[in-house]
Amino acid sequence: MSRKQYCVANWKMNLTSTEGVNFILDLVSKDIMSASAKIILCPSFTGIIPAVEAAKDCRIEIGAQNVYFEPEGAFTGEVSTAMLKDAGCQWVILGHSERRHIFKEDDQTIARKIQRALRDDLKIILCIGETLEQREAGQTDALLKSQLKSAIENISVIPEDGFCIAYEPVWAIGTGKTATPDLAADAHRLIRDNLTDMGLPGETVSLLYGGSVKPENAKELIKTDGIDGFLIGGASLKSEAFCQIYEQFKS
Ligand code: 13P
């Protein structure tokens, strides 16, 4: 079954607008966009408009790292779906472990954000994943299941083009410890089976892996059963490393 492939950069709170634009110009000059995978770059809010402008003549799409669930109003510091769309943003990352753990976003908040993004036609990258303690306590399967369920149980239709789930084990994020292909394959299988059990198209949803993806491990990971792409943090900050990872989609 052919699913869309994605190579996604989550720049987190890194790269100024100027640095983001230079990154995109570098990608464009390297002319790497021949692989079948779609490139999505997610700058900070202030970097979105310049990134959209820099990427307008190529196939790179731009995403945000967060959005609020209310459409507008007195919510100081928040950003709405309408603002993101007006800025030219097509995607949003939701449920990232840093939002869950540092900013205490709970499952209910994430579910509301997903509903808002779906309603307003923003494409979604939903992140789920277990901590080291949860894995060591044998809670991984139950945790993934409950994060999935609470995020999307009220959704009856997943848009065919524009809904990805990223499996990001928290212990692999920014640590240099990557999940083995077998471990990632097991988690991805579990996610697909759970989606199917929920009446959603588990076999056709694109599932990404995130957690210390780098040029050295990307080749093996992208060949792994069920992995349709990557959500990359640290290694997405330098265009050279990002391009090397992207090249692995071609082979
Ligand atoms: P690293 O690639 O730096 O481990 O980060 C992964 C991540 O959190 C992407 O969203």
Side-chain angles (χ1 to χ4, degrees), residues 5-15 19-20 23 37-45 47-48 51 60-67 84 89-105 110 113-114 117 122-132 134-135 140 143-144 147-148 151 163-181 183-184 187-188 191 206-222 224 227-249:
Q5 291 187 309
Y6 296 89
C7 190
V8 186
N10 176 9
W11 288 342
K12 309 191 180 183
M13 199 175 73
N14 296 292
L15 302 191
E19 289 165 340
F23 183 111
K38 191 176 281 253
I39 293 179
I40 304 169
L41 305 177
C42 303
S44 58
F45 287 134
I48 288 174
I60 296 171
E61 295 181 4
I62 303 300
Q65 300 171 19
N66 191 19
V67 75
L84 291 184
C89 190
Q90 298 186 48
W91 292 84
V92 63
I93 298 173
L94 293 173
H96 192 279
S97 69
E98 286 147 19
R99 299 293 325 164
R100 292 178 191 264
H101 296 123
I102 302 172
F103 300 101
K104 309 293 175 219
E105 276 190 22
I110 294 161
K113 290 183 173 192
I114 290 170
L122 259 187
K123 300 176 182 182
I124 294 169
I125 299 165
L126 165 66
C127 302
I128 58 174
E130 80 286 1
T131 62
L132 185 60
Q134 288 161 335
R135 174 157 286 277
T140 301
L143 190 272
L144 293 179
Q147 284 185 337
L148 259 187
F163 194 98
C164 300
I165 297 175
Y167 168 59
E168 294 207 311
V170 180
W171 47 268
I173 295 178
T175 59
K177 287 185 203 150
T178 319
T180 61
L183 187 152
H188 282 220
I191 293 167
S206 294
L207 296 191
L208 318 183
Y209 168 77
S212 297
V213 174
K214 41 192 177 236
E216 301 80 55
N217 57 28
K219 191 183 188 111
E220 197 183 11
L221 283 165
I222 200 59
T224 302
I227 295 186
D228 305 311
F230 300 129
L231 181 54
I232 312 157
S236 75
L237 298 177
K238 294 257 186 309
S239 60
E240 199 176 328
F242 184 78
C243 289
Q244 284 168 5
I245 294 171
Y246 187 68
E247 291 289 328
Q248 305 310 320
F249 285 82

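Keep in mind that this is a model prediction, so the values were computed, not measured. Positions are given from 1, in the same order as the sequence printed here. In listed order, ligands and their atoms are each counted from 1.
- Residue I173 places no N or O, backbone or side chain, under 3.5 Å from any N or O of ligand 1.
- A donor-acceptor contact closer than 3.5 angstrom links the side chains of E168 and H96.
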Kindly determine whether L183 and Y167 satisfy side-chain contact (heavy atoms from CB on, under 4.5 Å), including the steps that lead there.
-> CA-CA 11 Å; L183 187 152; Y167 168 59; 3.7 Å; yes
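- Counting only residues at least two apart or in different chains, salt bridge (charged side-chain N to carboxylate O under 4.0 Å, His left out) contacts with residues 90-99 comprise K12-E98, R99-E105.
- At a heavy-atom cutoff of 4.0 Å, ligand 1 is contacted by the side chain of N10 but not by its backbone.
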In sequence, state the C-alpha distance, the side-chain angles, and the governing distance for I232 and C7, and then conclude on side-chain contact (heavy atoms from CB on, under 4.5 Å).
-> CA-CA 8 Å; I232 312 157; C7 190; 3.8 Å; yes
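- Between G174 and ligand 1, at least one N/O pair is under 3.5 Å apart.
- Residues satisfying the ring pair (Phe, Tyr, Trp, His ring centres under 6.0 Å) test with F230, not counting sequence neighbours, are F249.
- The single protein non-hydrogen atom nearest to atom 2 (O) of ligand 1 is G233 N, 2.9 Å, given as residue, atom name and distance.
- Atom CD of E19 has more than 12 heavy atoms from other residues, nucleotides or ligands within 6.0 Å.
- The closest approach between S212 and ligand 1 falls below 4.0 Å for a heavy atom of the residue.
- Closest to atom 9 (C) of ligand 1, if we only count protein heavy atoms, is E168 OE2, 2.9 Å.
- Ligand 1 has K12 within reach: a non-hydrogen atom of the residue lies less than 4.0 Å from it.
- Taking the side chain as every heavy atom from C-beta outward, I93 and C127 approach each other to under 4.5 Å.
- With a 4.0 Å heavy-atom cut-off, ligand 1 is reached by the backbone of A172 but not by any atom from C-beta on.
- Contact atoms of ligand 1 toward G234: 1 (P), 2 (O), 3 (O) (distance under 4.0 Å to a heavy atom of the residue).
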